[in-house]
Amino acid sequence: MTELILILLILLGILALQFKDLLNAVICLAVFSLLSSLLFYYLHAPDVAIAEAAVGAGVATVLFVVIIGKTRRREE
Amino acid sequence: MKESEIVSLVSRKLAPYILLFGLYLISYGHLSPGGGFQGGVVLASGIILLYLSRGIASTGKVFPQEKLVVAEIWMFFLLILMGSGGLITGGYFLENFLPLGKAGEVPSAGFIFFLNIIIGLKVGAGITLISFYLLR
(Lines give C-alpha, C1' and ligand atoms only; values in the text may rest on other atoms or scores of the structure.)
Protein backbone atom coordinates (compact mmCIF):
# COMPACT_ATOMS: atom_id res chain seq x y z
CA MET A 1 0.00 0.00 0.00
CA THR A 2 2.70 2.47 1.01
CA GLU A 3 4.85 1.59 -2.03
CA LEU A 4 1.86 1.96 -4.37
CA ILE A 5 1.05 5.43 -3.05
CA LEU A 6 4.72 6.45 -3.23
CA ILE A 7 5.02 5.33 -6.88
CA LEU A 8 1.81 7.23 -7.70
CA LEU A 9 3.22 10.31 -5.96
CA ILE A 10 6.40 10.18 -8.07
CA LEU A 11 4.35 9.77 -11.26
CA LEU A 12 2.10 12.70 -10.35
CA GLY A 13 5.12 14.89 -9.57
CA ILE A 14 6.70 14.11 -12.96
CA LEU A 15 3.35 14.78 -14.68
CA ALA A 16 2.96 18.13 -12.91
CA LEU A 17 6.41 19.14 -14.17
CA GLN A 18 5.78 17.97 -17.74
CA PHE A 19 2.38 19.57 -18.40
CA LYS A 20 2.46 22.71 -20.53
CA ASP A 21 -1.09 23.61 -19.51
CA LEU A 22 -0.67 25.00 -16.01
CA LEU A 23 -4.23 24.19 -14.92
CA ASN A 24 -3.51 20.49 -15.48
CA ALA A 25 -0.34 20.82 -13.40
CA VAL A 26 -2.30 22.43 -10.56
CA ILE A 27 -4.87 19.62 -10.61
CA CYS A 28 -1.98 17.12 -10.54
CA LEU A 29 -0.62 18.89 -7.46
CA ALA A 30 -4.04 18.74 -5.79
CA VAL A 31 -4.23 14.97 -6.37
CA PHE A 32 -0.62 14.75 -5.11
CA SER A 33 -1.68 16.46 -1.86
CA LEU A 34 -4.72 14.23 -1.51
CA LEU A 35 -2.67 11.07 -2.00
CA SER A 36 0.03 12.21 0.40
CA SER A 37 -2.67 12.98 2.97
CA LEU A 38 -3.92 9.40 2.50
CA LEU A 39 -0.33 8.21 2.98
CA PHE A 40 0.02 10.21 6.20
CA TYR A 41 -3.22 8.74 7.49
CA TYR A 42 -2.05 5.25 6.59
CA LEU A 43 1.21 5.86 8.46
CA HIS A 44 -0.71 6.80 11.67
CA ALA A 45 -0.30 10.58 11.49
CA PRO A 46 -3.91 11.83 11.27
CA ASP A 47 -2.96 15.33 12.44
CA VAL A 48 -0.60 15.85 9.52
CA ALA A 49 -3.16 14.23 7.20
CA ILE A 50 -5.83 16.78 8.13
CA ALA A 51 -3.39 19.67 7.72
CA GLU A 52 -2.18 18.37 4.35
CA ALA A 53 -5.72 17.81 3.05
CA ALA A 54 -6.89 21.25 4.16
CA VAL A 55 -3.85 23.26 3.06
CA GLY A 56 -2.58 21.30 0.06
CA ALA A 57 -5.78 20.14 -1.58
CA GLY A 58 -7.98 23.03 -0.43
CA VAL A 59 -6.45 26.44 0.03
CA ALA A 60 -3.30 26.13 -2.11
CA THR A 61 -5.24 24.79 -5.11
CA VAL A 62 -7.71 27.68 -4.93
CA LEU A 63 -4.86 30.19 -4.74
CA PHE A 64 -3.03 28.59 -7.69
CA VAL A 65 -6.17 28.57 -9.84
CA VAL A 66 -6.85 32.22 -9.02
CA ILE A 67 -3.26 33.16 -9.90
CA ILE A 68 -3.54 31.28 -13.21
CA GLY A 69 -6.71 33.24 -13.93
CA LYS A 70 -4.83 36.50 -13.32
CA THR A 71 -1.79 35.55 -15.45
CA ARG A 72 -1.23 33.23 -18.43
CA ARG A 73 -2.57 29.70 -18.57
CA ARG A 74 -0.03 28.18 -20.95
CA GLU A 75 3.67 27.82 -20.34
CA GLU A 76 5.99 28.62 -23.24
CA MET B 1 -20.17 36.03 -15.75
CA LYS B 2 -23.53 34.35 -15.33
CA GLU B 3 -24.19 32.96 -11.88
CA SER B 4 -24.63 29.20 -11.76
CA GLU B 5 -27.60 27.96 -9.77
CA ILE B 6 -25.88 24.71 -8.73
CA VAL B 7 -22.71 26.38 -7.45
CA SER B 8 -24.70 29.00 -5.58
CA LEU B 9 -27.00 26.47 -3.88
CA VAL B 10 -24.31 23.92 -3.01
CA SER B 11 -21.91 26.50 -1.60
CA ARG B 12 -24.67 28.14 0.42
CA LYS B 13 -25.67 24.82 1.97
CA LEU B 14 -22.13 23.49 2.38
CA ALA B 15 -20.30 26.46 3.90
CA PRO B 16 -21.97 26.36 7.38
CA TYR B 17 -21.04 22.70 7.76
CA ILE B 18 -17.43 23.40 6.79
CA LEU B 19 -17.32 26.17 9.39
CA LEU B 20 -18.90 23.84 11.96
CA PHE B 21 -16.33 21.14 11.19
CA GLY B 22 -13.57 23.69 11.66
CA LEU B 23 -14.95 24.64 15.07
CA TYR B 24 -15.19 20.93 15.97
CA LEU B 25 -11.55 20.39 15.00
CA ILE B 26 -10.52 23.38 17.13
CA SER B 27 -12.54 22.51 20.23
CA TYR B 28 -11.68 18.79 20.25
CA GLY B 29 -8.04 19.39 19.33
CA HIS B 30 -6.68 18.07 22.62
CA LEU B 31 -8.70 14.83 22.46
CA SER B 32 -8.75 13.76 18.82
CA PRO B 33 -6.76 14.55 15.65
CA GLY B 34 -6.98 18.19 14.79
CA GLY B 35 -6.09 21.31 16.67
CA GLY B 36 -5.68 25.01 16.27
CA PHE B 37 -3.88 25.14 12.93
CA GLN B 38 -5.94 22.47 11.16
CA GLY B 39 -9.25 23.84 12.44
CA GLY B 40 -8.23 27.36 11.48
CA VAL B 41 -7.37 26.30 7.94
CA VAL B 42 -10.73 24.52 7.61
CA LEU B 43 -12.50 27.66 8.87
CA ALA B 44 -10.61 29.75 6.32
CA SER B 45 -11.46 27.33 3.52
CA GLY B 46 -15.15 27.71 4.35
CA ILE B 47 -14.87 31.48 4.08
CA ILE B 48 -12.85 31.16 0.82
CA LEU B 49 -15.67 29.00 -0.58
CA LEU B 50 -18.05 31.85 0.20
CA TYR B 51 -15.65 34.37 -1.41
CA LEU B 52 -15.50 32.34 -4.62
CA SER B 53 -19.20 31.58 -4.92
CA ARG B 54 -21.05 34.52 -3.36
CA GLY B 55 -18.63 37.31 -4.14
CA ILE B 56 -16.34 39.32 -1.89
CA ALA B 57 -18.71 42.20 -1.16
CA SER B 58 -21.58 40.08 0.17
CA THR B 59 -19.22 37.87 2.21
CA GLY B 60 -17.64 40.98 3.66
CA LYS B 61 -20.94 41.85 5.31
CA VAL B 62 -20.81 38.62 7.33
CA PHE B 63 -17.02 38.48 7.86
CA PRO B 64 -15.78 42.10 7.66
CA GLN B 65 -12.14 42.38 6.63
CA GLU B 66 -11.30 45.18 9.09
CA LYS B 67 -12.47 43.01 11.99
CA LEU B 68 -10.45 40.08 10.66
CA VAL B 69 -7.32 42.26 10.75
CA VAL B 70 -8.11 43.31 14.31
CA ALA B 71 -8.82 39.69 15.34
CA GLU B 72 -5.57 38.45 13.83
CA ILE B 73 -3.49 41.01 15.71
CA TRP B 74 -5.34 40.64 19.03
CA MET B 75 -5.16 36.83 18.98
CA PHE B 76 -1.37 37.00 18.77
CA PHE B 77 -1.35 39.42 21.71
CA LEU B 78 -3.66 37.11 23.68
CA LEU B 79 -1.38 34.14 22.95
CA ILE B 80 1.64 36.00 24.34
CA LEU B 81 -0.48 37.10 27.31
CA MET B 82 -1.60 33.54 28.11
CA GLY B 83 1.95 32.30 27.72
CA SER B 84 3.14 34.93 30.17
CA GLY B 85 0.46 33.80 32.61
CA GLY B 86 2.66 30.82 33.36
CA LEU B 87 5.53 33.17 34.18
CA ILE B 88 3.32 35.23 36.51
CA THR B 89 2.09 32.21 38.48
CA GLY B 90 5.66 31.17 39.15
CA GLY B 91 6.65 28.83 36.37
CA TYR B 92 8.09 29.01 32.88
CA PHE B 93 6.66 30.42 29.64
CA LEU B 94 3.48 28.63 28.44
CA GLU B 95 3.11 26.68 31.68
CA ASN B 96 -0.39 25.55 32.56
CA PHE B 97 -2.06 27.59 35.31
CA LEU B 98 -5.66 26.36 34.99
CA PRO B 99 -7.00 23.28 36.80
CA LEU B 100 -6.65 20.00 34.94
CA GLY B 101 -9.99 18.35 34.34
CA LYS B 102 -10.78 14.68 33.95
CA ALA B 103 -8.97 13.13 31.01
CA GLY B 104 -11.17 12.40 28.01
CA GLU B 105 -13.64 15.23 28.48
CA VAL B 106 -13.69 18.54 26.65
CA PRO B 107 -12.80 20.81 29.61
CA SER B 108 -9.59 18.95 30.32
CA ALA B 109 -5.89 19.52 29.59
CA GLY B 110 -5.78 22.91 31.32
CA PHE B 111 -5.45 25.88 29.00
CA ILE B 112 -4.57 23.93 25.85
CA PHE B 113 -8.26 24.33 24.94
CA PHE B 114 -8.00 28.12 25.05
CA LEU B 115 -4.68 28.12 23.21
CA ASN B 116 -6.29 26.00 20.47
CA ILE B 117 -9.16 28.47 20.15
CA ILE B 118 -6.75 31.43 19.96
CA ILE B 119 -4.50 29.77 17.37
CA GLY B 120 -7.52 28.61 15.36
CA LEU B 121 -9.02 32.09 15.12
CA LYS B 122 -5.64 33.61 14.29
CA VAL B 123 -4.85 31.11 11.51
CA GLY B 124 -8.37 31.35 10.12
CA ALA B 125 -8.27 35.15 10.00
CA GLY B 126 -4.75 35.16 8.53
CA ILE B 127 -5.41 32.74 5.68
CA THR B 128 -8.74 34.43 4.93
CA LEU B 129 -6.95 37.79 4.69
CA ILE B 130 -4.25 36.34 2.39
CA SER B 131 -6.90 35.03 0.01
CA PHE B 132 -8.93 38.25 0.30
CA TYR B 133 -6.03 40.46 -0.79
CA LEU B 134 -5.27 38.00 -3.61
CA LEU B 135 -8.83 37.70 -4.88
CA ARG B 136 -9.65 41.39 -4.59
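Within every chain, numbering begins at 1; the chains are lettered A, B, ... in the order of the sequence lines, protein sequences first and strands thereafter. All heavy atoms count here, side chains included; hydrogens, waters and symmetry mates do not.
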Query - chain A contact via B/Leu25 - side chain, backbone, both or neither, heavy atoms under 4.5 Å - result: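 Just the side chain, heavy atoms under 4.5 Å.
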Query raised in the report: By a 4.5 Å heavy-atom criterion (distance strictly below it), what part of B/Leu134 contacts chain A: side chain, backbone, both, or neither?
Result: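 For B/Leu134, backbone and side chain are both near chain A.
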Any donor-acceptor pair under 3.5 Å linking the side chain of [X] with the backbone of [Y]?
X	Y	result
A/Ser36	A/Phe32	yes
B/Ser84	B/Phe93	no
A/Asp47	B/Gly34	yes

**Report entry** chain B contact via A/Val55 - side chain, backbone, both or neither, heavy atoms under 4.5 Å
**Finding:**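 For A/Val55, backbone and side chain are both near chain B.
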**Report entry** Exercise: identify the closest heavy-atom pair between A/Glu52 and A/Ser33
**Finding:**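 The pair with the smallest heavy-atom distance is OE2-OG, 3.4 Å.
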